[in-house]
**Q** 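Before we start, here is the structure in question, set down as structure tokens.
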Amino acid sequence: MGHDVAVFQPYPFTVGQKIRIEGKRRHGDWEVVGVSEAKVTLRCPVSHREFEWDRFCYLVSEEHDAVWPRPD
């Protein structure tokens, strides 16, 4: 008998990409400014502050013709 299995894959970030993270402490709109095998560097489009984190995101959906950054 088979099982229901959830499969996750790390998202393949690209420099210059605009992303939106929903939920948790990193929520908001970001621009990808650096990518390595282990790290991703994101810039806030409002404050222009940059943060480098271990790669952590997984693709849930893609929005087309979306407003970015999204006004709060």
**Q** Can you sort out the partners of Glu50 under side-chain hydrogen bond (donor to acceptor under 3.5 Å, both in side chains), two or more places apart, ordered by chain and number?
**A**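 If we apply the side-chain hydrogen bond (donor to acceptor under 3.5 Å, both in side chains) test to Glu50, skipping adjacent residues, the hits are Arg43.
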**Q** Grab the two heavy atoms, one from Asp29 and one from Pro45, that are nearest each other, plus how far apart they are.
**A**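 Nearest pair, atom of Asp29 first, then Pro45: O-CD, 3.1 Å.
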**Q** Taking only residues two or more places apart in sequence, or in another chain, which ones meet Glu63 in a side-chain hydrogen bond (donor to acceptor under 3.5 Å, both in side chains)?
**A** Arg20
**Q** Side-chain heavy atoms nearer than 4.5 Å, only ILVMFWY residues, links allowed to pass through others: does that put Val32 and Trp53 together?
**A** yes
**Q** Check for me, please, whether Val33 and Val15 land in the same ILVMFWY cluster - side-chain distances under 4.5 Å, paths through other members count.
**A** no
**Q** Could you pull out all residues at least two apart from Glu37 that satisfy salt bridge (charged side-chain N to carboxylate O under 4.0 Å, His left out)?
**A**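 Scan of Glu37 (salt bridge (charged side-chain N to carboxylate O under 4.0 Å, His left out), adjacent residues dropped) gives none.
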**Q** Does any non-hydrogen side-chain atom of Leu42 lie less than 4.5 Å from one of Arg26?
**A** no
**Q** Verify the ring-centre separation between Trp30 and Trp68: is it less than 6.0 angstrom?
**A** no
**Q** Restricting to non-hydrogen atoms, name the atom on Val40 and the atom on Asp54 that form the minimum distance, rounded to 0.1 Å.
**A**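 Heavy atoms of Val40 and Asp54 come nearest at CG1-O, 4.3 Å.
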**Q** Got Glu22 and His27 here, is their nearest side-chain heavy-atom distance under 4.5 Å?
**A** no
**Q** With salt bridge (Lys or Arg N to Asp or Glu O under 4.0 Å) as the rule and sequence neighbours excluded, what pairs involving residues 6-19 come up?
**A** Lys18-Glu31
**Q** How would you list, by chain and number, every residue that makes a side-chain contact (heavy atoms from CB on, under 4.5 Å) with Arg25, sequence neighbours excluded?
**A** none
**Q** Please report the shortest heavy-atom distance between Pro71 and Val67, naming the atom on each side.
**A** CD-CG1, 4.0 Å
**Q** Can you list everything that forms a side-chain contact (heavy atoms from CB on, under 4.5 Å) with Thr14? Sequence neighbours excluded, please.
**A**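 Here the qualifying residues are Gln17.
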**Q** Between CD1 of Ile19 and OH of Tyr11, what distance do you get to the nearest 0.5 Å?
**A**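 Here the interatomic distance stands at 8.5 Å.
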